[in-house]
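The chain is numbered in sequence order, starting from 1.
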Amino acid sequence: NLMSAFFGALTISFLFLIIRKILALINKKQLESNRLIYNLSAFSSSLILAFTLIFWSQSIVAEVYTLNTFFVALILYFLLIWREKVEKQEFKTADKLLLFTIFIFGLSLTNHQMMILLSPVFLIYVIWIYPKVFKDYKLILSALFLVFLGLSVYLYLPIRAAQDPAFNWGNPQDIRGFKSQLLREQYNDLNLDSAKIFDKNKLPFVALFFKDISIQFTIPACFIIFLGFLLHYLRDKKTYFLLLGIFVCNSLLIILIRSSVSSPINDFYFRVYYLPAYFVLIAWAGVCFQFLIKILFKFVNNISKVVKTSIKLLLVLIILLLPFSFLINNWEDSDRDDFWFVNDWARAVLESMDQDSYLMLNNDQPAFDSMIFSLFYIQAVENVRLDVKLVNLAGIRGMFYSPFGTELDDFFEWDDITRKDRLAKFMWDYVEDESIYLLHPLGKSDEIDLVTRSNGIAYKIYENIDEILKTRPLILVRRD
């Protein structure tokens, strides 16, 4: 959680620097005279992103998305500096900056593979700024080496997995597991099937995305963002199209290639993929703030000094207070100071089970990540019920103990009900005397004869109804 907060804070810091850079590029002739306006616009805009619901929520949980957005911010910032060096014809320094940026891009892919969607945007921007870059073969070879150097972090996975760690997600010590990690096969959330990319049923996803923008930033802020969007296009087209490319690739392109169906749960999860797009929107808000402040400052220059100073101070105060309105409005939803539900749930699940039992975890649960990691935390950190074996079904070859066999190779071809029933049967045949528990009931298909009965929080598997009656007889109450 602390690392998410750390990279969230760094992202906001770099957003401040990026907005300042963009404003400096837009207003080159007025750089010194407007430095206060630039700082004020960048400061207020950056904090607005910090206190939006989605960014705040990802900054207080152990997830990858603030680090992903930080990488986007870092690459964007260095590309803007690189452009400055190219325009000043400081080519040696520019080449070093570009190579470092390329290394950061390769490294970013080891955090989240969706960064690959931004590669065409960065490439087009580099060619646009300096077309001769592709005539430097030494630079190209160095760039390829640095991309692979950044990607080399992936080599840690099979090395560590071969040591049989307690926490071994996807078991990447063999080629199949390693390939599954690289291509996100266990998530099964994206596809490049052209028949599905241009599916008209994806139009609601677009509507939901723009609706979420209005929720995150409010309707008035959306008008400010749109005005900044237009102003940026008129003032500096190169950085405008760079930001626009990042926005489109981290929102509409993701929607086009996503394979999951629309549902409240899926739409909620996909919001975090759009964080770099929200980052860009706030950059445009900064452009608009700068424009509005300049216009109002010019307007009050012709009135008395006392009134002019008072109006300027009031305007500065309003701009500074805008992000704090987001802070106040979103505090209650984001505050986790006394939130123990997940911890209490995990402890209760483990404590409800028989000695030396197995708990099968299916990844169709609405809060699967919170469930599996909270259960692991309770066991590994608080040493609660270490006798219970957790069987992770996210991609079959999972962490802790994994019942992987050749008869499960076509796992992803089954529907959800078939998966649950066949895997329950597989575990039943594999385990001899220990109890097996699920977090969902069986008995929804004709695949198996096994049945389940709830203990109030988990479902224990029995061979048939008679076995349930032997161990826990049903009590029927007649009511007249």
Qualifying residues under side-chain contact (heavy atoms from CB on, under 4.5 Å), relative to Phe341, sequence neighbours excluded: Phe339
Rounded distance (nearest 0.5 Å) linking atom CG of Leu80 with atom CG of Leu25: 6.5 Å
Which atom pairs, donor and acceptor, lie under 3.5 Å between side-chain atoms of residues 247-254 and protein residues at least two apart or in another chain?
| from | atom 1 | to | atom 2 | distance (Å) |
| --- | --- | --- | --- | --- |
| Asn250 | ND2 | Tyr273 | O | 3.0 |
| Ser251 | OG | Phe247 | O | 2.4 |

Distance-only, no hydrogens or angles: does the Arg336 side chain make a donor-acceptor pair with backbone N or O of Asp333 under 3.5 Å? yes
For side-chain contact (heavy atoms from CB on, under 4.5 Å), just list the numbers for Arg235 and Asn27, CA-CA rounded to whole Å, side-chain angles, deciding distance to a tenth of an Å, and then say yes or no. CA-CA 8 Å; Arg235 301 294 182 85; Asn27 305 279; 3.7 Å; yes
Looking only at heavy atoms, the pair that brings Ser214 and Ile219 closest together is CB-CD1, 3.6 Å
I need the Leu151 CG to Leu146 CG distance, nearest 0.5 Å. 11.0 Å
To the nearest 0.5 angstrom, please state how far the CG atom of Leu314 sits from the OG1 atom of Thr309. 12.5 Å
Using modelled atom types and a 3.5 Å cut-off, is there a donor and acceptor pairing between side-chain atoms of Ser325 and backbone atoms of Leu322? yes
Indicate whether the side chain of Asn329 and that of Trp331 have a donor and an acceptor atom separated by less than 3.5 Å. no
What's the shortest heavy-atom distance between Ile60 and Ser57, and which atoms? CG1-O, 3.4 Å
Quick one: salt bridge (Lys or Arg N to Asp or Glu O under 4.0 Å) partners of Glu84, sequence neighbours excluded? Lys21
Partners passing salt bridge (Lys or Arg N to Asp or Glu O under 4.0 Å) against Asp95 (at least two apart in sequence or in another chain): none
I'd like to check the salt bridge (Lys or Arg N to Asp or Glu O under 4.0 Å) partners of Arg347; sequence neighbours left out, ordered by chain and number. Glu382
Is any side-chain heavy atom of Phe71 less than 4.5 Å from a side-chain heavy atom of His112? no
What pairs meet the side chain to side chain donor-acceptor pair (under 3.5 Å) rule with one or both residues in residues 135-153, with sequence neighbours excluded? none
To the nearest 0.5 Å, atom SG of Cys222 lies from atom CZ of Phe210 at 10.0 Å
Could you go through residues 117-132 and list every donor-acceptor pair under 3.5 Å that involves a side-chain atom there, pairing it with any protein atom two or more places apart or in another chain?
| from | atom 1 | to | atom 2 | distance (Å) |
| --- | --- | --- | --- | --- |
| Ser119 | OG | Ile116 | O | 2.6 |

Heavy-atom distance under 4.5 Å between the side chains of Leu292 and Ile319, does that happen here? no
Heavy atoms, side chains only, cut-off 4.5 Å: are Ser45 and Leu15 in contact? no
Within the 4.5 Å heavy-atom criterion, are Ile293 and Ser41 side-chain neighbours or not? yes
Asn68 vs Leu275 side-chain heavy atoms within contact, under 4.5 Å: no
What heavy-atom pair brings Pro323 and Phe51 nearest, and what distance separates the two atoms? O-CD1, 3.4 Å
For residues 3-12, dump all side-chain donor-acceptor pairs below 3.5 Å to protein atoms at least two apart in sequence or in another chain.
| from | atom 1 | to | atom 2 | distance (Å) |
| --- | --- | --- | --- | --- |
| Ser4 | OG | Val61 | O | 2.5 |
| Ser4 | OG | Glu63 | N | 3.4 |
| Ser4 | OG | Glu63 | O | 3.3 |
| Thr11 | OG1 | Phe7 | O | 2.7 |
| Thr11 | OG1 | Thr66 | O | 3.4 |
| Thr11 | OG1 | Phe70 | N | 3.3 |

Does the pair Ile175 and Phe178 meet the rule for a side-chain contact (heavy atoms from CB on, under 4.5 Å), with working shown? CA-CA 5 Å; Ile175 294 176; Phe178 189 65; 5.7 Å; no
Do any N or O atoms from the side chain of Gln379 and from the backbone of Ser374 form a donor-acceptor pair under 3.5 angstrom? no
Less than 4.5 Å apart, any side-chain heavy atom of Phe43 and any of Leu40? no
Determine whether more than 12 heavy atoms belonging to other residues, nucleotides or ligands lie under 6.0 Å from atom NZ of Lys211. no
In short, Ile19 meets Gly286 closest at the heavy-atom pair CG2-CA, 4.1 Å
Which is it for Asn343 and Trp345 under the side chain to side chain donor-acceptor pair (under 3.5 Å) test, yes or no, and what are the steps along the way? CA-CA 5 Å; Asn343 184 287; Trp345 172 85; over 6 Å; no
Give the C-alpha distance, both sets of side-chain angles, the deciding distance and a yes or no for side-chain contact (heavy atoms from CB on, under 4.5 Å) between Val349 and Ile378. CA-CA 10 Å; Val349 168; Ile378 292 294; over 6 Å; no
Measuring from Leu97:CG to Glu90:CD, what's the distance to the nearest 0.5 Å? 10.0 Å
For Ile159, is there any backbone N or O sitting under 3.5 Å from a side-chain donor or acceptor partner on Gln173? no
Looking at residues at least two apart in the chain, or sitting in another chain, which of them share a ring pair (Phe, Tyr, Trp, His ring centres under 6.0 Å) with Tyr233? Tyr240
Lys179: which residues meet the salt bridge (Lys or Arg N to Asp or Glu O under 4.0 Å) condition with it, sequence neighbours left out? Glu185
Side-chain donor or acceptor of Tyr154 paired with backbone N/O of Leu109 under 3.5 Å: yes
CA sep, side-chain torsions, deciding dist, call: Leu47, Leu327, side-chain contact (heavy atoms from CB on, under 4.5 Å): CA-CA 9 Å; Leu47 286 183; Leu327 168 65; over 6 Å; no
Should we say atom CD of Glu332 is surrounded by more than 12 heavy atoms from elsewhere, each under 6.0 Å from it? no
Does CG belonging to Leu317 count more than 12 external heavy atoms closer than 6.0 Å? yes
Over all atoms of both residues, closest heavy-atom pair of Val86 and Ala94: CG2-CB, 3.8 Å
Partner of Phe100 by ring-ring contact (aromatic ring centres under 6.0 Å, His included), out of Tyr77, Phe105, Phe78: Phe78
Taking the side chain as everything from C-beta on, heavy atoms only, tell me whether Lys96 gets closer than 4.5 Å to Lys85. no
Nearest 0.5 angstrom please: Leu208 CG to Arg271 CZ, how far? 11.5 Å
Check whether more than 12 heavy atoms from other residues, nucleotides or ligands sit under 6.0 Å from atom NZ of Lys238, and answer yes or no. yes
Checking side-chain polar atoms at under 3.5 Å, does Asp236 have a donor or acceptor matched by the opposite partner on Thr239? yes
Between Ile18 and Ala73 the two heavy atoms that sit nearest each other are CD1-O, 3.3 Å
Applying side chain to side chain donor-acceptor pair (under 3.5 Å), which residue pairs with at least one partner in residues 277-289 are found, sequence neighbours left out? Asp212-Tyr278, His232-Trp284
Indicate yes or no: at least one non-hydrogen side-chain atom of Phe373 is less than 4.5 angstrom from one of Val342. no
Ring pair (Phe, Tyr, Trp, His ring centres under 6.0 Å) partners for Phe103, two or more places apart: none
